[in-house]
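Each remark here refers to the structure printed beneath this line.
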Amino acid sequence: MMNKKFIKGLSLAELKELCEEKGLPKFRSEQLFNWMYNYLVTDFDEMLNLPKDLRSQFNEEYILNTLELTDSKSSKYDNTRKLIFKTTSNHFIESVIIPDKNRVTLCVSTQVGCPLDCQFCATGLMGYKKNLTAGEIFDQYGNAQRISGNEITNIVYMGMGEPLLNFDNTVKSLSIFSEELTKGISLKKITVSTAGIAPKILELAETGLKCKIALSLHSCFDDIRTKIMPINKKYSLKENLDAVAFYANKTGTRITFEYIMLKGINDRIEDVKALVSLAKKIPSKVNIIPFNSLEHMNPSGFASELQPTSKSKIDEFVDRLRDNNVTVLIRDTQGEDIAAACGQLAIKY
Ligand code: SAH
C-alpha cells in the first residue's frame with residue numbers, strides 16, 4: 001500500500017508546484033487552497049469543483065485531516081472551551097476558544113509539550129515531545145471554526161510550545177493566513193507569543209509577515225528572569241529587547257509585553273520603575289497576567305513556591321504604570337476551572 005502524504009499545511013506556492021508536477025492546470029491549486037483553508041472541508045469528496053476522478057486520486061494519495069477531536073471541556077463560569085486533539089502520530093494537544101464581547105479568540109499550540117522549562121508554566125512540566133506541522137497548527141483553527149458557533153476573529157499562538165523554536169512550521173502556517181485568497185483571518189489579527197528567541201524574532205521580521213508579536217517578559221532584570229525562565233541565560237533581555245524593537249520598527253506593529261504577576265518576585269516598586277522605562281523605549285503595550293495555579297500538575301522545587309500577587313497589589317501596580325502613560329491591559333483569567341487558562345495546558349502522559 002502506498003504511504004499517504006499530508007496535504008494540509010502546504011502553502012499556495014507549494015500547491016502550485018504540486019499541481020504542476022501532476023500536470024494539472026494552475027487554477028486547481030487555488031481551488032484546493034480554498035477548499036482546505038477557506039471552506040475547511042474534511043473530505044476530498046466535498047471539493048465539488050474538482051473532477052470526480054481527481055478527488056478519488058487525491059483521496060488515495062493524501063491525508064486531508066491532521067487532527068482528531070477526542071475531547072472538549074467547557075467552563076462553567078465563562079464561555080471558554082478547551083479542545084483536545086489527537087495527532088496522527090498519537091500525540092495529544094490542546095487549543096482554547098475564548099469568546100469575549102466583540103471577538104472570539106483561538107489559542108493554538110505549536111509543539112507537543114515544550115522544551116523551555118519556564119517555572120510558572122504547566123506545559124514545561126510535561127517536557128518536549130515534538131514540533132507540530134504547519135497543517136496541525138492550521139487544523140486547530142479549521143476544527144475550532146467548524147465547532148465554534150461564532151466566527152473566530154483572532155488567533156494567538158500562546159498554547160503549548162514555543163512557536164519560534166518551531167520556526168518553519170509556524171511561519172508556514174502564518175503564510176497561509178497571509179494569502180490574499182484567505183478570507184477568514186488576516187495577520188493583523190494574529191499574535192505570536194515568544195519566551196524570547198532573539199535571533200528568530202529578527203528572522204521573523206525579515207519574512208515580511210506582519211503578524212503581531214508578544215514577548216513573555218515577566219521581569220526586567222536578567223538575574224530574576226533567568227531564575228523563572230532558564231532560556232534567558234541563552235538569549236538575554238537586551239538581545240530580546242533589541243530584537244523586538246527592530247521587529248516593531250520593521251513591521252510597524254506594536255509589541256505586547258506579557259507580564260505574569262508573581263508575588264515578591266516581579267511586583268516590587270523597582271519592577272514597576274524598570275517596566276515603565278522599558279515600555280517607553282519601544283512602541284508597545286503591557287499585558288498584565290494574573291498567575292494561574294499549577295496545582296493540577298503537582299509542581300516541585302522552585303515552581304511550587306510561586307504565588308500570585310494579590311488583586312489589590314496588581315491594581316496598584318497597574319495604576320502606577322498608567323500614571324506613567326504606559327498602555328496596560330489586565331488579562332482576564334478565563335477557563336481556570338477546566339485548566340484552559342494561560343500556562344495551564346498540559347497533557348498527562
Ligand atoms: N512559549 C510562548 C507561548 C506560550 S505561553 C511564550 O512563552 O510566550 C503564553 C503565555 O502564557 C506566556 O506569556 C506565558 O508566559 C503565560 N503563562 C505561562 N504560564 C502561566 C501561568 N501559570 N499563569 C499565567 N500565565 C502563564
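Read the numbers this way: they start at 1 and go in the same order the structure lists the ligands and their atoms.
Taking atom 15 (O) of ligand 1 as the reference point, the nearest protein heavy-atom neighbour is His218 NE2, 2.6 Å. Nearest to atom 22 (N) of ligand 1 among the protein's heavy atoms is Phe120 O, 2.7 Å. For atom 19 (N) of ligand 1, the nearest non-hydrogen atom of the protein is Gly343 CA, 3.0 Å. In this structure, atom 21 (C) of ligand 1 lies nearest to the protein heavy atom Cys342 O, 3.3 Å. Taking atom 17 (N) of ligand 1 as the reference point, the nearest protein heavy-atom neighbour is Ile260 CD1, 3.6 Å. Distance from atom 23 (N) of ligand 1 to its nearest protein heavy atom, with residue and atom name: Asn292 N, 2.9 Å. Looking from atom 9 (C) of ligand 1 to the surrounding protein, the closest heavy atom is Met158 O, 3.5 Å. Protein heavy atom at the shortest distance from atom 10 (C) of ligand 1 is Glu258 OE2, 3.6 Å.
With a heavy-atom cut-off of 4.0 Å, Glu162 touches ligand 1 through backbone and side chain alike. Under 4.0 Å from ligand 1, the heavy atoms of Thr194 that appear belong solely to its backbone. Residue Met160 does not touch ligand 1, judged by heavy-atom distances below 4.0 Å.
Heavy-atom separations between Gly196 and ligand 1 are all 4.0 Å or longer. Between Pro290 and ligand 1 there is a heavy-atom distance shorter than 4.0 Å. The closest approach between a heavy atom of Gly159 and any atom of ligand 1 is below 4.0 Å.
For His218 and Phe120, the ring centers sit closer than 6.0 Å to each other. Phe177 and Tyr141 have their aromatic ring centers within a separation under 6.0 angstrom. A centroid separation of less than 6.0 Å is found between the aromatic rings of Tyr259 and Phe317.
We find the OG-CD1 distance between Ser75 and Ile98 to be 11.5 Å, quoted to the nearest 0.5 Å.
Distances from atom 1 (N) of ligand 1 to the heavy atoms of Ala303, Ala195, Gly161 put Gly161 nearest.
Ion pair Glu206/Lys250 flagged as a salt bridge, since at least one NZ, NE, NH1 or NH2 atom sits closer than 4.0 Å to an Asp/Glu carboxylate oxygen. Under a 4.0 Å N-O distance rule, the pair Lys172/Glu14 qualifies as a salt bridge.
The distance criterion of under 3.5 Å between nitrogen or oxygen atoms is met by Ser216 with respect to ligand 1. Polar contact check, Ser193 against ligand 1: a nitrogen or oxygen pair lies under 3.5 Å apart. For ligand 1, the polar-atom distance check finds no N/O of Leu294 at less than 3.5 Å from any of the ligand's N/O atoms.
No hydrogens or angles considered: a donor-acceptor pair under 3.5 Å links the side chains of Glu61 and Gln57. There is a side-chain donor-acceptor pair under 3.5 Å between Ser193 and Glu258.
At least one test fails for Lys4 against the ring of Tyr62: distance under 6.0 Å to the centre or angle within 45° of the axis.
Following chains of ILVMFWY side-chain contacts shorter than 4.5 Å, one cannot reach Met158 starting from Leu106, and the two form parts of different hydrophobic clusters.
In terms of modelled atom types and a separation under 3.5 Å, the side chain of Asn232 and the main chain of Lys227 share no donor-acceptor contact.
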